[in-house]
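All remarks here apply to the structure that follows.
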Amino acid sequence: MLNTGLVGVQVAPDGREVPIRLDSYANVVIQRNGPWYMEQCRRGNCFVYSQPAAGVNQFAPTATSVITTGAFVTGQRYQIANVGDTDFTLIGAASNTIGVEFVATGPGGGTTGTANLMSSTPMIWNRADSGVNFIPIRLTMGLIGAVAPVLGPFGLWAIPSPGDSSGVVTVPSADVGTPVNSLIGNSKKSNVVFSPQAQLLTTAPTFVKSLPWNILANDLTGKNMITLEYNFTGRAIVRPNNAVFIGPIAADAFLAIISIEGMEIPIQSGGI
Amino acid sequence: MPNVNLVGPQVVTDTQSAPQRADNYGDLCVQEGGAKYQELVRRGYGFIYSQASTGVALAVPAAGASTNFMVWNPTRSERYFVPLKITLGIVSTTAVLGNICLYYVPDAGDGIATGGRIVSYTAATPVNTLIGSGLGSRMNFAAGVENITGGATFLKTLGWSILANDLSGKNMQVFETDLEGSLIFRPGTAFIVAPTTAVASVCIISCFGLELPMPPGA
């Protein structure tokens with residue numbers, strides 16, 4: 001039996017039963033009764049993943065390599081691998097201890113100290129056992145202070161199938177961030193691993209696409225105001241056992257905050 | 001037996017009963033019957049929370065008194081506060097480099113109280129967007145000064161950056177975002193729009209949001 005509706009305008013008080021309304025082409029006339037993401041947000045499935053308010057130096061995501069003193073890049077994040085005769089406290093480290101992370105303030109002295117180059121972009125690692133699909137909603141980037149970037153756009157990067165224990169992606173425990181549930185006041189936890197600014201990667205992430213955030217001057221100070229926002233609206237879904245990164249294509253070194261909003265949707269039976 | 005619809009174009013007249021239309025993939029064909037938030041606004045759930053047209057010099061929501069934009073959903077509101085469209089207008093041309101962000105207070109409580117997180121605020125009145133209805137808001141809205149013990153917690157950047165100390169002579173810039181329901185504030189929390197550094201520029205922040213009844217048990 002066919003479903004039918006009534007063509008034309010109806011005006012009915014609350015509590016009255018009415019037929020489905022059709023337009024003059026028999027399309028069902030609908031009226032949205034809530035914004036796009038509200039149902040998922042109200043269910044506790046939306047989260048905010050943000051770099052800290054103080055900002056992070058933005059560099060392209062990179063594979064880890066061992067860098068010898070004298071070659072450290074100012075603004076880049078490292079993890080001390082061998083102290084040797086290098087005083088790392090002179091270039092930003094809190095102490096001369098293996099494993100300590102620091103943001104280099106200079107190339108480094110001595111001759112034998114080494115450090116692991118860290119990838120320092122925001123990363124969301126949807127581990128194989130997360131039980132959720134990660135769906136990015138919106139990216140924003142706020143610039144901090146006088147910035148002197150390298151020309152080039154920002155992009156989305158990924159490491160497919162990094163595994164959970166193979167060591168392709170390592171996030172030191174101190175570098176694991178805490179996403180905020182977007183139903184503010186709700187305590188539901190995130191199921192993905194979020195690293196705001198520091199990872200060790202055995203392989204370089206693969207470039208996926210550019211973002212419409214174009215850096216066209218080496219000195220942005222004194223330039224116009226800018227809005228940097230990108231809405232995914234469901235155009236990408238990150239399945240378990242994948243890691244995604246946001247970062248510039250060029251080796252930039254300027255302070256900014258990147259914030260990500262996304263949904264963690266439980267995977268149904270059948271794995272979809 | 002499943003309910004079925006009729007595939008293909010139809011042209012029908014008002015007051016006629018007709019089968020619902022499907023496309024060649026069996027999908028129900030629909031047509032928006034009104035503006036995006038029309039039903040919710042008509043029910044009186046939409047409000048505009050705005051700073052005055054004279055603007056406010058925005059500050060970081062640190063501990064103590066600060067000047068910015070806050071919508072406080074009190075514990076007993078029985079409403080979700082859903083911020084949707086946020087805009088920023090710049091009144092003066094002197095600025096400090098920085099960007100505009102969202103902050104929150106997760107344990108804001110119900111009202112001004114000794115030992116509470118929000119010690120004081122300068123109240124302003126939201127406007128129901130069913131203009132003429134006179135319906136009142138259940139939120140506590142501060143368009144100017146508030147005093148938060150311990151300050152507010154950083155949530156995310158809106159991506160609105162100011163890159164010059166003197167904005168005169170610069171191009172126009174649109175500062176607008178539509179959160180589309182990706183943030184909801186439960187009762188007992190507060191929502192704040194503020195910069196990462198004190199922006200000397202005098203600005204007007206406006207927000208369209210919904211105050212929605214909570215389902216039983218939510």
Side-chain angles (χ1 to χ4, degrees), chain A residues 1-9 19-39 41-42 46 48 50 52-55 137-147 180 182-186 220-229 257-259 261, chain B residues 3-6 9-21 28-34 36-40 80 82 84 97-101 104 106 154-164 167 170-171 173-175 177 180-189 191 196 218:
Chain A
M1 180 178 174
L2 281 172
N3 291 317
T4 60
L6 190 63
V7 180
V9 176
I20 292 286
R21 179 183 161 193
L22 305 182
D23 70 5
S24 300
Y25 305 97
N27 298 312
V28 172
V29 179
I30 61 165
Q31 171 62 56
R32 183 193 297 247
N33 199 31
W36 264 354
Y37 303 115
M38 194 177 77
E39 175 61 10
C41 186
R42 202 178 60 76
C46 294
V48 175
S50 184
I137 295 174
R138 185 181 298 115
L139 309 176
T140 50
M141 182 167 73
L143 308 175
I144 295 179
V147 294
V180 177
S182 301
L183 179 58
I184 302 294
N186 176 31
L220 299 181
T221 310
K223 301 295 188 293
N224 278 340
M225 303 161 283
I226 184 78
T227 297
L228 297 171
E229 175 182 303
I257 308 164
I258 293 178
S259 299
E261 290 178 83
Chain B
N3 293 328
V4 294
N5 302 311
L6 188 64
Q10 303 174 54
V11 180
V12 284
T13 55
D14 283 0
T15 71
Q16 182 178 335
S17 180
Q20 295 173 20
R21 177 180 167 187
L28 184 66
C29 293
V30 299
Q31 168 64 52
E32 294 266 6
K36 193 171 177 181
Y37 298 115
Q38 181 177 304
E39 171 64 11
L40 293 160
Y80 285 127
V82 188
L84 292 172
L97 278 57
N99 68 96
I100 310 298
C101 301
Y104 68 104
F154 173 77
L155 180 64
K156 61 162 287 195
T157 179
L158 286 172
W160 303 348
S161 297
I162 294 173
L163 301 171
L167 302 180
K170 300 293 188 295
N171 279 340
Q173 173 65 34
V174 175
F175 287 128
T177 194
E180 289 282 8
S182 64
L183 269 179
I184 300 176
F185 288 76
R186 288 175 56 86
T189 64
F191 163 76
T196 52

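Atoms considered below: every heavy atom in the structure, side chains included; atoms not considered: hydrogens, waters and symmetry mates. Chain A is the first sequence line, chain B the second, and so forth, proteins listed ahead of strands; every chain is numbered from 1.
- Interface residue A/Leu6: backbone and side-chain heavy atoms are both found under 4.5 Å from chain B.
- Here B/Ser161 is the residue among B/Ser161, B/Pro106, B/Gly33 with the most heavy-atom pairs under 4.5 Å with chain A.
- Between A/Glu261 and B/Lys156 there is a salt bridge, since a side-chain N of the basic residue sits under 4.0 Å from a carboxylate O of the acidic one.
- For a residue to count as touching a neighbouring chain, one of its non-hydrogen atoms must lie under 4.5 Å from one of that chain's; by this rule B/Thr196 touches chain A with the side chain only.
- Partners of B/Tyr104 by ring-ring contact (aromatic ring centres under 6.0 Å, His included), not counting sequence neighbours: none found.
- For chain A, the nearby part of B/Val82 is the side chain; its heavy atoms alone come within less than 4.5 Å.
- Using a 4.5 Å cut-off between heavy atoms, A/Ile20 touches chain B through its side chain atoms alone.
- Using a 4.5 Å cut-off between heavy atoms, B/Leu6 touches chain A through backbone and side chain atoms alike.
- At a 4.5 Å heavy-atom cutoff, the contact between B/Pro19 and chain A is made by backbone and side-chain atoms alike.
- In this structure, A/Thr4 contributes its side chain and B/Ser17 its backbone to no donor-acceptor pair below 3.5 Å.
- Here the CZ-OH distance, from A/Arg32 to B/Tyr37, works out to 6.5 Å after rounding to the nearest 0.5 Å.
- Interface residue B/Thr13: only backbone heavy atoms are found under 4.5 Å from chain A.
- Judged purely by atom type and a 3.5 angstrom limit, A/Thr227 uses its side chain to pair as donor or acceptor with the backbone of B/Val174.
- A donor-acceptor pair is defined here as one N or O able to donate and one able to accept, closer than 3.5 Å; no such pair exists between the side chain of A/Asn27 and the backbone of B/Gln31.
- With chain A as partner, the option from B/Asn99, B/Leu40, B/Asn5 having the largest number of non-hydrogen pairs under 4.5 angstrom is B/Asn99.
- Most heavy-atom pairs under 4.5 Å with chain A, from the set B/Thr177, B/Ile100, B/Leu84: that is B/Thr177.
- Neither the backbone nor the side chain of B/Phe191 comes within contact range of chain A; no heavy atom of the residue lies under 4.5 Å from a heavy atom of that chain.
- Considering only residues two or more places apart in sequence or on other chains, B/Val12 meets the side-chain contact (heavy atoms from CB on, under 4.5 Å) condition with A/Val7, B/Gln10, B/Gln16, B/Ala18.
- Using a 4.5 Å cut-off between heavy atoms, A/Arg138 touches chain B through its side chain atoms alone.
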